[in-house]
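Notes follow once the structure below has been shown.
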Amino acid sequence: MDKTFQEEFTQIIKFEPPLYKQRHQFVKDLVEKYKPKKVADLGCADCSLLWMLKFCSCIEVLAGLDICANVMKEKMHTLSPLPVDYLQPSERSLTVTLHHGSVAHKDPCMLGFDLVTCIELIEHLDESELKKFPEVVFGFMAPSIVVISTPNSEFNPLLSRVMSYRHPDHKFEWSQAQFRNWALEAARCYGYSVEFTGVGHPPTGMEKVGFCTQIGVFLRKYPQTGELVQSEKPTETVYKTVFKAVYPSLKDEKYLQNAVISEVIFTAQIIKHRLMSIREEYSDDPERESKFQPSMDCFSDYLGKLVVEKHMEPFISGNEVYIPLATIFSFPKVNRLCGTFEKLCKLIAGKVTLSSDGSAVMFSIEHEEN
Ligand code: SAH
């Protein structure tokens, strides 16, 4: 909801890209720098930041929290997996959860995060909520990194339509010094360091005014002492989970097996077609046909520098083509998916037609040629 207001009153100074996008980009850049696995966005509103973050490949757990369930529900469907996510499951796992509740309350579902973002949230908190906020975020959640952004009131005179606050729901807007004092005190109490920055540059010559959006990046000074700290924390749940999506991932054996089977069949088909076309070339010349010996040299494009051993060469016997599993395993994509040859054998067992000794994928030529 801040976005429309922001656009309306940035008449004198027009930010390009819009300020809300710059704030979200700031978070994305921070994610790319620190590579957190678990990220929580407090005051996530319409989930637009969460949506942007789901494409960051380092993130495995994303959570949103807002006191207004309706604003979260508006676009929460955009956080669901798409058909393509099922067709091509990602290598990382990703779970996205949305909770309805207040940052003034502690809930164990907010423990264990690496990065907590509070973008344009604190100015919406009333006095009693703001008082509890540092203890909940820095004391209880205690992530390695916290990002807090809030309007810089010193910038307001440069924004044409801002009479008092930038948004009717704002309970306050702070000057740079006010934000600084509050942030330094919170950091001191809970063992964080804080760096100040922002987005939305002031016009040339007015640098003293500071950024339109002021940002504090808090870094926890000491590592969490794991279980001890967690066990001291209350376990009572107060938030209500309103959305949960578990993305298909190759970390899940079911999706890995499907991906490996498809890749094995695809790879075996490539080898078979190559073999058949070479055999056809030879068959034009009866003298050469007798000398036909398929060689893995013709797959060097796929295999790179790999040394192909004799037992890995595909062969034709009667009406069947045999493509050794060892050959298929040497193709980079199969290799990467399975990790070990044993895993390959285990995943395709009973799912792909194999030779009687189980060492090669078997295709019937007759069937294919019809
Ligand atoms: N972070 C969003 C928008 C922030 S607007 C963005 O970057 O665009 C502030 C949001 O904080 C609103 O959605 C509001 O419902 C939510 N909010 C207000 N008080 C809250 C509280 N006590 N706990 C959690 N969320 C709160």
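Whatever order the structure lists ligands and atoms in, that order sets their numbers, starting from 1. Side-chain atoms are counted along with the backbone in the values below, which use heavy atoms only and exclude waters and symmetry mates.
Only one option out of Gln22, Glu120, Arg23 pairs with Ser149 in a side-chain hydrogen bond (donor to acceptor under 3.5 Å, both in side chains); it is Glu120.
Between Leu121 and ligand 1, no N or O atom pair is found at a separation short of 3.5 Å. Looking at ligand 1, you'll find an N or O of Gly43 within less than 3.5 Å of one of its N or O atoms. Residue contacts with ligand 1: His124 is placed with no nitrogen or oxygen under 3.5 Å of a nitrogen or oxygen of the ligand (distance criterion only).
Contact annotation: Leu42 has no heavy atom less than 4.0 Å from any atom of ligand 1. Between Glu120 and ligand 1 there is a heavy-atom distance shorter than 4.0 Å. The closest approach between Met72 and ligand 1 stays at or above 4.0 Å for every heavy atom of the residue.
When each atom of ligand 1 is checked for a heavy atom of Val103 under 4.0 Å away, the hits are 21 (C), 22 (N), 23 (N), 24 (C). Distances below 4.0 Å separate heavy atoms of Glu129 from the following atoms of ligand 1: 22 (N). Using a 4.0 Å cut-off to heavy atoms of Cys68, the atoms of ligand 1 that qualify are 15 (O). Those atoms of ligand 1 that come under 4.0 Å of a heavy atom in Leu125, given as number and element, are 19 (N), 20 (C), 21 (C), 22 (N). Below 4.0 Å from some heavy atom of Gly101 lie the following atoms of ligand 1, by number and element: 23 (N), 24 (C). The ligand atoms of ligand 1 that sit less than 4.0 angstrom from a heavy atom of His24 are 6 (C), 7 (O), 8 (O).
Cation-pi geometry between Lys272 and Phe363 is satisfied (NZ or CZ under 6.0 Å from the ring centre, within 45° of the ring normal).
A donor-acceptor pair under 3.5 Å links the side-chain atoms of Gln178 to the main chain of Ser175, judged by distance alone. Listed for the Asp114 side chain is a donor-acceptor partner under 3.5 Å among the backbone atoms of Lys37.
Here Thr78 contributes atom OG1 and Met52 contributes atom CE; the two are 13.5 Å apart, rounded to the nearest 0.5 Å.
Aromatic ring centres of His201 and Phe211 lie closer together than 6.0 Å.
The proximity of Arg23 to ligand 1, defined as any non-hydrogen pair under 4.0 Å, does not occur for either the backbone or the side chain.
Nearest to atom 15 (O) of ligand 1 by heavy atom, out of Asp66, Ile67, Asp41, is Asp66.
Using a 4.0 Å cut-off between charged side-chain N and carboxylate O, Glu185 and Arg188 make a salt bridge.
Side-chain atoms of Met110 and Leu65, non-hydrogen and from C-beta on, do get closer than 4.5 Å to each other. Within the 4.5 Å cutoff, side-chain heavy atoms of Glu173 are placed close to those of Asn156.
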